[in-house]
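Written below as structure tokens is the structure these notes are about.
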Amino acid sequence: MPELPEVEYTARQLRALIVGAAIQEAHVFWTRTIGYPDWHDFCAEIVGRRIEGVRRRGKFLLLDLSGDFFLSIHRRMSGNLLLLSPGWQIDTSLRETDNAAWQTRGPTFLPPTATDVAYSRETSHCRVCFDLADGRRLLYTDPRKFGRMELWPCFSEAEALHGLGPEPLEDAFTVEHFAEELAKRKTVIKQVLLDQSVVAGVGNIYADEALFYAHIHPLRRANSLNASEIDALREGIISVLALGIEHGGTSFSDYRDLAGKAGNNFDHVRVFQQDGKPCVRCGTLIERRVIAQRSTHFCPTCQQLIAE
DNA sequence: ATTTAGACCTGTCAGC
DNA sequence: TGCTGACAGGTCTAAA
């Protein structure tokens, strides 16, 4: 679900709120969410550690823990983080009465006061819960259960994050590197932008937005782009990601921030899920078509598929 | 060597 | 009202 801007926004919020907090207890409600190590070991190893920092790498959220370990979280399609103030109770009784429902929806979180009831809906589908020593709870919710969480010693960071390309918003994302990667690939550019080893953090929304920015048709072969197109595309990636962060991420259904609030970048999107609406540049109706197994949106006038 | 279906999962919404 | 199919921010694996 979240792409780089959404993860970055979460990281910034979380950094301000939980650095210094200690994990007192870990509850795992859907064991497959824990990718490494085995969930029993995961719980035993993470308990007692202090959160010393919050970082992001591509679409991974990384929590640096005391004792030279770090927790990596990848939310995939529907994963989310929620920070609860002290006083919430966990009700696991559904487990006994209706195990199937419990497996899908997770435990029920009971709010301490009437004003917190507003967040109740966001607490469903909880897969992992960390009880912090100060009484707060950090919840990982994920309706579709695709997301993964892993606990690694710091010296294994390279191994844990293997195959990730450069950070698009850092100096490492040079035109030279980008051009080199594109020249190696004869597949359609849309697919290449989704490849995390080329650039880390771009997903379906921002791939479409970056291509629109650069006037490039999503079906163009990556190795057919000329120098000025590559430059424009790189610029497009950087600017649409930066804009996404500024607007608190793009949310259109279940993406929420740490307090359960939606981001508003969807109001600033130019082509993503805008099919049938007029292009903001030329008025042509935006088209939708499946490319690289993903729904793709573009302006057929601004983004020409020129002969190669 | 690539490209492409299928898996993994649940929720929501449109159409009948 | 209820059922069915399409679709959703991602990534890995197996088959073509």
Side-chain angles (χ1 to χ4, degrees), chain A residues 1-10 29-36 56-61 72-81 98 100-106 121-128 140-150 160-165 181 184-210 218-219 221-223 240-241 243-245 247-257 262-269 271-276 288-297:
Chain A
M1 145 204 124
E3 303 180 30
L4 186 151
E6 291 74 38
V7 183
E8 177 62 28
Y9 189 71
T10 304
F29 304 113
W30 180 253
T31 58
R32 296 192 59 181
T33 296
I34 309 302
Y36 180 85
R56 177 195 58 73
R57 178 78 173 94
K59 299 174 192 171
F60 288 89
L61 180 69
S72 85
I73 302 172
H74 196 306
R75 292 143 71 189
R76 297 281 178 92
M77 293 290 265
S78 61
N80 226 347
L81 287 158
D98 186 348
W102 190 83
Q103 293 293 336
T104 61
R105 270 179 267 134
R121 215 184 82 86
E122 313 299 332
T123 64
S124 67
H125 303 93
C126 179
R127 308 307 177 196
V128 180
Y140 175 71
T141 62
D142 188 1
R144 297 180 69 180
K145 301 174 174 172
F146 289 165
R148 292 293 177 266
M149 209 176 271
E150 302 184 342
L161 302 174
H162 75 280
L164 276 189
E181 287 298 318
K184 281 197 286 193
R185 299 161 204 260
K186 49 172 266 165
T187 23
V188 297
I189 187 66
K190 167 73 189 253
Q191 179 148 48
V192 175
L193 289 182
L194 297 176
D195 185 336
Q196 300 301 295
S197 70
V198 177
V199 202
V202 175
N204 209 33
I205 299 176
Y206 299 98
D208 284 2
E209 293 299 314
L219 281 176
R221 301 272 150 198
N223 63 6
V240 299
L241 291 177
L243 216 71
I245 295 170
H247 296 134
T250 304
S251 46
F252 49 87
S253 61
D254 52 7
Y255 169 70
R256 295 292 182 275
D257 74 7
N264 65 359
N265 191 55
F266 195 54
D267 302 336
H268 303 271
V269 133
V271 287
F272 186 74
Q273 291 193 349
Q274 302 302 302
D275 38 312
R288 170 190 179 276
R289 113 156 79 143
V290 176
I291 297 171
Q293 284 98 249
R294 305 301 298 277
S295 164
T296 301
H297 316 78

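In what follows, chains carry the letters A, B, and so on, assigned in the order in which the sequence lines appear, proteins first and then strands, with residues in each chain numbered from 1. The basis for the numbers below is simple: all heavy atoms, side chains too, and nothing from hydrogens, waters or symmetry mates.
- Distance, A:Gln293 CD to B:dG6 C1': 10 Å, rounded to whole Å.
- Contact check, A:Arg294 against C:dG10: a side-chain N or O comes under 4.0 Å of OP1 or OP2.
- Checking the phosphate oxygens (OP1, OP2) of B:dC9, no side-chain nitrogen or oxygen of A:Arg148 falls inside 4.0 Å.
- The side chain of A:Gln196 contributes an N or O atom lying less than 4.0 Å from OP1 or OP2 of C:dT11.
- Ring pair A:His268/A:His247 is parallel by interplanar angle, where below 30° counts as parallel and above 60° as perpendicular.
- Mapped onto DNA chain C by nearest heavy atom, A:His297 and A:His162 fall at different nucleotides, with A:His297 at the one closer to the 5' end.
- Among the protein residues, A:Arg288 comes within range of the sugar-phosphate backbone only, with heavy atoms under 4.0 Å from sugar or phosphate atoms but none that close to a base.
- Closest to the side chain of A:Asn204, from the set B:dT12, C:dG10, B:dT4, is C:dG10.
- Side-chain nitrogen and oxygen atoms of A:Lys186 include none within less than 4.0 Å of the OP1 or OP2 phosphate oxygen of B:dT2.
- Remark: C1' of B:dC9 and NE2 of A:His74 are 16 Å apart, rounded to the nearest angstrom.
- The CG-P distance, from A:Leu193 to C:dT11, rounds to 13 Å in whole Å.
- Between the P atom of B:dT10 and the CH2 atom of A:Trp30 lies a distance of 6 Å, rounded to the nearest Å.
- Taking 4.5 Å as the limit, every side-chain heavy atom of A:Pro2 sits out of range of all side-chain heavy atoms of A:Lys59.
- Checking B:dC9, B:dG11, C:dG10 against the side-chain heavy atoms of A:Arg105 singles out B:dG11 as nearest.
- If you check every strand for non-hydrogen atoms under 4.0 Å, A:Arg32 touches sugar and phosphate atoms only.
- Between A:Ser78 and the phosphate of B:dT10, there is no side-chain N or O to OP1/OP2 separation shorter than 4.0 Å.
- On the P atoms, B:dG6 is 15 Å away from C:dG5, given to the nearest whole Å.
- When rounded to the nearest whole Å, the span between CZ of A:Arg75 and C1' of B:dC9 equals 18 Å.
- Counting heavy atoms of neighbouring residues, nucleotides and ligands inside a 6.0 Å radius, atom CZ of A:Arg105 does not exceed 12 of them.
- Stacking is found between A:Phe146 and the pyrimidine-like six-membered ring of the B:dC8 base under the 5.5 Å centre-distance and 30° plane-angle cut-offs.
- Looking at A:Glu3, its side chain does come within 3.5 Å of a backbone N or O of A:Ile205 through a donor-acceptor pair.
- In this structure, A:Ile291 atom CD1 and B:dT3 atom P are separated by 15 Å, rounded to whole Å.
- One C1' atom belongs to C:dA8, the other to B:dC8, and the distance between them is 14 Å to the nearest Å.
- Across all strands shown, B:dC9 remains unpaired; no Watson-Crick or G-U wobble contact has both distances below 3.5 Å.
- The side chain of A:His125 places an N or O atom within less than 4.0 Å of a non-bridging phosphate oxygen (OP1 or OP2) of B:dG11.
- Taking 4.5 Å as the limit, every side-chain heavy atom of A:Thr33 sits out of range of all side-chain heavy atoms of A:Lys145.
- Taking atom CZ on A:Arg144 and atom P on B:dC9, their separation rounds to 11 Å, with Å as the unit.
- The same atom, P, is picked in C:dA6 and in B:dA5; the two are 15 Å apart, to the nearest Å.
- For the pair A:Trp30 and A:Asp142, the minimum side-chain heavy-atom distance is 4.5 Å or more.
- Rounded to whole Å, the separation between the P atoms of C:dA14 and B:dC9 comes to 16 Å.
- Between the CG atom of A:Asp142 and the P atom of C:dG10 there is a distance of 13 Å, rounded to whole Å.
- The side chain of A:Glu3 approaches C:dG10 more closely than any other nucleotide in the set C:dG10, B:dT10, C:dA8.
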